[in-house]
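Just below is one structure, and these are the notes that go with it.
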Amino acid sequence: MRPSLALLRKDLLLERRAPESVPAMLLFSLTTFVLFHFGIGRDEVTGSLAAGVLLVTLLFAAILGINRLFVSEHEEGGFDAVLMAPIDRTAFFFAKAGALFVFLVLVEIVAMAGFSILLLGVSPWPTLPGLILVLVLLNIALSTVGTLVSALAIQTRARDLIVPLVGLPMLVPALIAAARACAPLFAAGGPGSIPGKWLLVLGLYDLVFGLLAYAVFEFLLED
Amino acid sequence: MRPSLALLRKDLLLERRAPESVPAMLLFSLTTFVLFHFGIGRDEVTGSLAAGVLLVTLLFAAILGINRLFVSEHEEGGFDAVLMAPIDRTAFFFAKAGALFVFLVLVEIVAMAGFSILLLGVSPWPTLPGLILVLVLLNIALSTVGTLVSALAIQTRARDLIVPLVGLPMLVPALIAAARACAPLFAAGGPGSIPGKWLLVLGLYDLVFGLLAYAVFEFLLED
Amino acid sequence: MATAPAIELRGVGRRYGERLALVDVSVSVPAGATLVVFGPNGAGKSTLLRMLATLLRPHAGSARILGEPLPKRDWEVRGRIGLLAHEGMLYRDLSARENLRFHARLHKLPERRVEELLERSELLPRANDPVRTLSRGLLQRVAVCRSVLHDPELLLLDEPRANLDPAARALIEPLIGRVSGRTRVVTSHDPAGGLAEADIALGLRGGRTELLAPAAEVDTIAIEALYR
Amino acid sequence: MATAPAIELRGVGRRYGERLALVDVSVSVPAGATLVVFGPNGAGKSTLLRMLATLLRPHAGSARILGEPLPKRDWEVRGRIGLLAHEGMLYRDLSARENLRFHARLHKLPERRVEELLERSELLPRANDPVRTLSRGLLQRVAVCRSVLHDPELLLLDEPRANLDPAARALIEPLIGRVSGRTRVVTSHDPAGGLAEADIALGLRGGRTELLAPAAEVDTIAIEALYR
Amino acid sequence: MHGKGLRALSLVTFAALAATFALVFFYAPLDADQGFIQKIFYLHVPVAIVTLVAYVVAAGFAIAHLRTGNRQWDLRSYTTIHIALIFNIVGLVTGSIWAKASWGHWWVWDEPTLVSFLIVFLLFATYQPLRFSIEDPERQARYASVFSIMGGAFVPLNFIAVREATGYVHPRVLASTDGGLPGSMAFVFVIAIISVALLFATIVAYEISSKNTSWQIRALRRRALGDDAVTPLGRTAAPTMGTSLRGAS
Ligand code: HEM
Ligand SMILES: Nc1ncnc2c1ncn2[C@@H]1O[C@H](COP(=O)(O)OP(=O)(O)OP(=O)(O)O)[C@@H](O)[C@H]1O
Ligand SMILES: Nc1ncnc2c1ncn2[C@@H]1O[C@H](COP(=O)(O)OP(=O)(O)OP(=O)(O)O)[C@@H](O)[C@H]1O
Ligand SMILES: [Mg+2]
Ligand SMILES: [Mg+2]
């Protein structure tokens, strides 16, 4: 655990020193809400449309963060020095997934506020408990799969293409489940209950892909 | 013109060596259509929703291409060597904007086919003449402003963040105009005529931002 | 008493794709000794060092570092090796101090050690600047500090003095020089200077061993012949 | 006949943010002469070279390169200056040949020139490999070729021989050495070697001029004093 | 020798395909409401099923590659995915034709198999670009295996999610509640699946043996002519093998 924390701390320090991912993801989300507003020509969205707009936006924002997750390791060969340290290689996985999770939570807090103000046609407060549950499950999916995809992409010559290309389809099932789970929350008549089926699918995705990502991750770090 | 061609040739060489931008933008568009389907839960879209989905997707795809436009220049300081060559700095502008325009046209041809098959609720053929007009105007906006933003971003440490952050808001007016112009084309009852007002706005945007981008471009290349 | 050699390579080979970067290299370095690697550009010196650092796995032959076979038991030697490569291996946006503190934490070292090194390499006035803004030579000094931070038993130095001014060279001598008392592998393009600090000299050329002898038995002419 | 000096700096200064990298530097270099810049790490040598290359604009003072004032008329001198910096300034995914051809096209030179340079620097066998896969020293050779490709009147060399093996140093000597007959500005960390090729010696320290004299009047002790 | 058993496999495949062809056209009954076009069913469904199974099998090969480090497993995984991608496209096209013929649209969203098939295609379409953007052959093989393991798990999971998200609007010929397929159709269908699977296996076997042979030729040339005389491979998405190093795998 110790090395994971040291790594996580370094990532948060880098982000504080040169704040990039979080503000970028944030601004991106807000801009996208505005784009949607004009793009689809609706002043307010509810139900499945609301869930779709919110989650597609968060997914794209996450892709931004995933893209940069390993950049700092790559420049100047800093990663090599870390690889030579006497730490378990899965410590990276936890550190990076942890950092991404933290970033996502920060982004979601503000993005959700923006979304409620700009687009959402119903009051956000009653939806909160359910929404938090879904977002936590979604964040687990985004951060585990995202960490894997990011590590996969960083050694290629086209990181910024590989990340969305591989990451987006891979995350489609999680998006579907999250969007379906959220849709009743935003129903025009007041929040309905979350279909347990979709929580189950999302949880299954987290479990399967989280474990898989963890298991194969170290193969990405070897020479 | 000669130096523009030499630069364009190098870009196309790099793209042929590793075909990246165009196929990536393409796949990205198709995946985004699928995401939209599940996100907003519609099987078919028409009217302003169709225009919104199509144009937001194209905009994001363009961002991918813009992102990579100056990447090769940045690594290893190769750009500095180019800056020291005895060529007019606006030659860059034409070379890069030209490359981007070509990429966009290629992407749009396939993306439009995918969109018609996957999501569009009306026949695409009657919309074509109007659509081509709007897309050409939009491409001019995307490639001139995109080149500017890409050059801006490449000098910063967070290229992949700056591009969407600066690019998206900057392109909002073009997107609005294009979306409003397209909406009647996709009307459920058969294509209506394009509101001249929005074509005018789009043309004005091209003129003003195209000229501006051209004019301020060289300041971005200086120290 | 026969202690195991710190480095023992037998017929080691390494490819990049199809290009052979090292072919059939066998060398044994006793603990505490200095191996200096000579060879023209592209001979495979950096590749050898990265392999000894466990960052590249050998594609042929067998390698033992600090008594452990590679790549099988590489986790046993991690943390006991220090590498100074062509690039700084630092986080560009963190300062020298933050970079070193991070590595200190990974190696479970006290922060005292970081301050001590910053002071000894006269980096204190620039310790809080992001390393991105340091000049090439200052960056090299930070990299030196990073490589010796955890007091490694085996030190791998790839042209350690490149870009350093004469004063800085003297300054880091106690850290990476012979007086540091570590087992060292050093690459060099300076026949006379390289030989002076060597116990064993290894000459590579096109990845193959052209010369391997105790430094005392080699003269600069033999080294210079490598480049012909 | 009084030809204009190739370089004429008067009270030139340059900041990075608040940090002064060059303060009040005045120096004049006649055409065909060699200025060698000494100074400890972080003295401002690379900054000076990048400024002479028109890549950084001076923040104070006035600069004339090849008779043209900077930064006002920098387009006049572009294409007449060659810079060899710490990094290679090459496209990593293009081969040595493609990199050089690209620059040849920018400078409107025949491809013959590219082949000639590749041959003279003995890069032909590796000319089609992406430069990313070259060893540090081979990369440096490609960078040297790039910097002299367009036969520049003024050559700016930042530690040009770092990472090169002795044979390669001899190989590129006709390209960038005194015998090339160009006006040159060279940075060096080697007092004796640097002085040997200098007509004028400039010593910087913390961005300030500590020493400026014809090389004949300077000895290595004066240079070494810079580092103290 | 890399061609062992290929001829026998080819012959069996050919015979199976010929038999299927004959059965489909001369034995299987004409569908009551879809008519002749329904016969595309015997191509489309087997191709789709084989494709999906192949992706999962490729993941198995990838696991074997990571466990053993033997690059032959990577070659198998690569070839399987490569051919599955082609079958994937065939499945999409035949499905589209069928959809156009029976519903008048080239694409429908309420057929879960169809939608998940598209998403799977979008994911695996990135397999080749991913490989292509990694130069070092060993690393390329390892990263590709990681991808294909994730992809193998993705196929069923994605199917579950998509299936749950769409209703069952359209009648299914197979495995539906209302009685299922007539016996003669089911028989022909099973034969069709077997022959498509055989066809798949044959193509994969051919590709593997051709790759192995060209590596061997290359290695022999390098040994005979020297390393520098053979033109370098350059970047490629296909697995490559360095063979000229003593003791290398
Ligand atoms: C682009 C169009 C289509 C694609 C990509 C597609 C794809 C697929 C796939 C992947 C499967 C295999 C699923 C599995 O193994 O469970 C499948 C099976 C099947 N498809 Fe399609 N399909 C398309 C169009 C159609 C159409 C138009 C029909 C019917 C009119 C149809 C009817 C079936 C049936 C009956 C099966 C049998 C498997 C089952 O019952 O689940 N498909 N299709
Ligand atoms: N981009 C930058 N931002 C901020 N400071 C910088 C930047 N580049 C250089 N500096 C600082 O300016 C000063 C001069 O740097 P310069 O690279 O010119 O030194 P140098 O004489 O070339 O040293 P070396 O011998 O180590 O290469 C140093 O203190 C350096 O840290
Ligand atoms: N990532 C890589 N991909 C392909 N080839 C490589 C790679 N890294 C190194 N090589 C090649 O391997 C050979 C050995 O390189 P290495 O860097 O070990 O040489 P070196 O002896 O350190 O040379 P130098 O003195 O120039 O630093 C060279 O031919 C080089 O081009
Ligand atoms: Mg080296
Ligand atoms: Mg310098």
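Bear in mind that the values here come from a model prediction, so they are computed numbers and not experimental data. So that the names make sense, note that chain A is the first sequence line, chain B the second, and so on, each numbered from 1.
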Separation between CG of C:N163 and OG1 of D:T187, rounded to the nearest 0.5 Å: 9.0 Å
Tell me, yes or no, whether the heavy-atom count around C:E116 atom CD, taken from other residues, nucleotides or ligands under 6.0 Å, exceeds 12. yes
Side-chain heavy-atom pair D:H189, C:R169 within 4.5 angstrom cut-off: yes
Report which part of C:D190 has an atom under 4.5 Å of a heavy atom belonging to chain D: side chain, backbone, both, or neither. neither
Less than 4.0 angstrom from a charged side-chain N to a carboxylate O is my criterion; do C:R19 and D:D129 meet it? yes
Working to the nearest 0.5 angstrom, can you tell me the gap between C:E159 CD and D:R136 CZ? 8.5 Å
Atom pair CG (D:N41) and CG (C:L138), whose distance is rounded to the nearest 0.5 Å: 5.5 Å
Should we count CD of C:E173 as having more than 12 external heavy atoms under 6.0 Å? yes
Decide if atom CZ of D:R208 counts as having more than 12 heavy atoms of other residues, nucleotides or ligands within a radius under 6.0 Å. no
Interface residue of largest heavy-atom contact number with chain D, from C:Q140, C:R126, C:K45, C:R141, under 4.5 Å: C:R126
Specify which of D:S188, D:A170, D:P166, D:S135 makes the most heavy-atom pairs with chain C at under 4.5 Å. D:P166
Go through the atoms of C:L164 and report whether side chain, backbone, both or neither lie under 4.5 Å from a heavy atom of chain D. both
